[in-house]
Amino acid sequence: MIDGKAVAAGVRERVAGQASEFSSEHGRPPGLATVLVGEDPASHIYVKRKREASEAAGIRSFHHEPDGDVSQAALLELLAELNGTPEVDGILVQLPLPGHLHADEIVRALDPAKDVDGLTPASAGLLARGEPGLVPCTPSGVMELLREAGTDPAGTEAVVVGRSNLVGRPLASLLLGADATVTVCHSKTPDLAAVCLRADILVAAVGRPRLVTGEMVKPGATVIDVGTNRTDDGLVGDIDFDSAVEVAGAITPVPGGVGPMTIAMLLANTVQAAGRRAAAPG
Ligand code: NAP
């Protein structure tokens, strides 16, 4: 069992040390701005956790909660202000945004140097080219879990189920960069089970409860479940844990696997952005 809570605690401790070093060197802590629009209850919980985790790691939190009916222009103005605030090293706009706002334009308005969610086209492009940049938090959390599980992707066959910009695509780039042979599956993949069975590293990021069953897992494979699905049985992943655990060499649970890593990697990205900005000329 890969214990995401324990790995995340280690990352948070490391980040707190780096944040403290940054503060001593630059006379201010790294800063993370969170922007929360609307009434989505899950988003409110996520942002609260992110702010608390930032403060606990010695990162200053700048929180903005514009009215739910804020206009696109006013939100763009807020982002321009945050882009220009020197003490803000990272900006996180919590998604999803209310329907009247154009999320894509909002994301594109972020200064790529402060894009701690790694979602701007500039960040995605750097990652696709294998160049250093800010990487989306959940996929980099998956890579950290693989490292902790002692699974080196080099020379392995990796299968990622899901091709979202948030998880599947960036994770495929990271695995490729780590020398795995990568296959990405999606809703039009004809024989998902056959592809999954080839995987030494199998990651599911789909949003379909228990889609991947034990019969689709290669014996000894490392299985990472990104899915978080609220069902009548509570929170379940995209992997059918009970059957997959019988076959896998290592597996993440839901909850307590990938989930805790996402916030930890956000903190890591903020400290990384702060360091890069401080070192940048001008
Ligand atoms: P998404 O944007 O909805 O993407 C889902 C992907 O799964 C799409 O590429 C889709 O294919 C593919 N898919 C759907 N049905 C499929 C099927 N039957 N067979 C194969 N592929 C299928 O979702 P996401 O944002 O990547 O999130 C995926 C899951 O991860 C969700 O449960 C989400 O809640 C969870 N998540 C968790 C964390 C965390 O911190 N733990 C963070 C982010 C996301 P098409 O492209 O063909 O439509």
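Counting starts at 1 for both ligands and their atoms, in listed order.
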*Inter-residue atom distance Arg14.CZ - Leu267.CG, 0.5 Å rounding*: 11.0 Å
*asked:* In the complex you have, is atom 40 (O) of ligand 1 within reach of the protein, judged by whether a heavy-atom distance drops under 4.0 Å?
replied: yes
*Heavy atom of the protein closest to atom 21 (N) of ligand 1 (residue, atom name, distance)*: His186 C, 3.1 Å
*So, are Lys218 and Asp200 salt-bridged, with charged N and O less than 4.0 Å apart?*
yes
*Among all protein heavy atoms, pick the one closest to atom 47 (O) of ligand 1 and tell me residue, atom and distance.*
Ser187 OG, 2.5 Å
*Nearest heavy atom to atom 32 (O) of ligand 1 wins, so pick from Thr228, Thr252, Val258.*
Thr228
*Within less than 4.0 angstrom of ligand 1, does Leu166 place any heavy atom?*
yes
*Where's the contact between Thr189 and ligand 1, heavy-atom distance under 4.0 Å: side chain, backbone, both or neither?*
neither
*asked:* Using a strict threshold of under 4.0 Å (side-chain N to carboxylate O), is an ion pair present between Arg60 and Asp89?
replied: no
*Ligand-side contact atoms (ligand 1) for residue partner Thr262, heavy atom cut-off under 4.0 Å*: 39 (C), 40 (O)
*Would Glu246 and Phe241 satisfy side chain to side chain contact (heavy atoms under 4.5 Å, CB included), going step by step from the backbone distance to the final call?*
CA-CA 9 Å; Glu246 300 294 332; Phe241 184 85; over 6 Å; no
_Would Gly259 count as a contact residue for ligand 1, given that I'm defining contact as a non-hydrogen atom of the residue lying under 4.0 Å from a ligand atom?_
yes
*asked:* Against Val217, only a single residue in Val223, Ile251, Asp240, Val245 fulfils side-chain contact (heavy atoms from CB on, under 4.5 Å); can you say which?
replied: Val223
*Do you know which two heavy atoms are closest between Leu134 and Lys114, and how far apart they sit?*
CD1-C, 4.4 Å
*Under 4.0 Å from any heavy atom of Val161, which atoms of ligand 1 are there?*
20 (C), 21 (N)
*ligand 1 atoms in contact with Gly162 (distance to a heavy atom under 4.0 Å)*: 6 (C), 7 (O), 9 (O)
*Please examine the side chains of Leu175 and Met143, heavy atoms only from C-beta on, and report whether any two atoms are closer than 4.5 Å.*
yes
*Nearest-0.5 Å distance that lies between atom CD1 in Ile239 and atom SG in Cys196*: 7.5 Å
*Should Val258 and Asp225 count as side-chain neighbours, where that means a heavy-atom distance under 4.5 Å?*
no
_Just to be sure I read this right, does ligand 1 sit under 4.0 Å from the backbone of Met261, its side chain, both, or neither, counting only heavy atoms?_
neither
*atom 23 (O) of ligand 1: which of Val206, Leu192, Val167 has the nearest heavy atom?*
Val206
*Ionic contact status for Glu55 with Arg51, cut-off 4.0 Å*: no
*Are any of the heavy atoms in Gly168 under 4.0 Å away from ligand 1?*
no
*Return the residue, atom name and 0.1 Å-rounded distance of the protein heavy atom closest to atom 42 (C) of ligand 1.*
Thr138 OG1, 3.3 Å
*What pairs with Ser23 under side chain to side chain donor-acceptor pair (under 3.5 Å), at least two apart in sequence or on another chain?*
none
*Output the list of atoms in ligand 1 that are nearer than 4.0 Å to some heavy atom of Asn229, sorted by atom number.*
32 (O)
_Out of Ser164, Gly207, Pro170, Cys185, who is nearest to atom 26 (O) of ligand 1 when you count heavy atoms only?_
Ser164
*How close does the nearest protein non-hydrogen atom get to atom 36 (N) of ligand 1, and which residue and atom is it?*
Val226 O, 3.6 Å
*N-O pairing of Glu105 and Arg108 below 4.0 Å*: no
*Can you tell me which residue and heavy atom of the protein come closest to atom 18 (N) of ligand 1, and the distance to 0.1 Å?*
Leu211 CD1, 4.0 Å
*Taking N or O atoms only and a 3.5 Å limit, does Arg163 qualify as a polar contact for ligand 1?*
yes
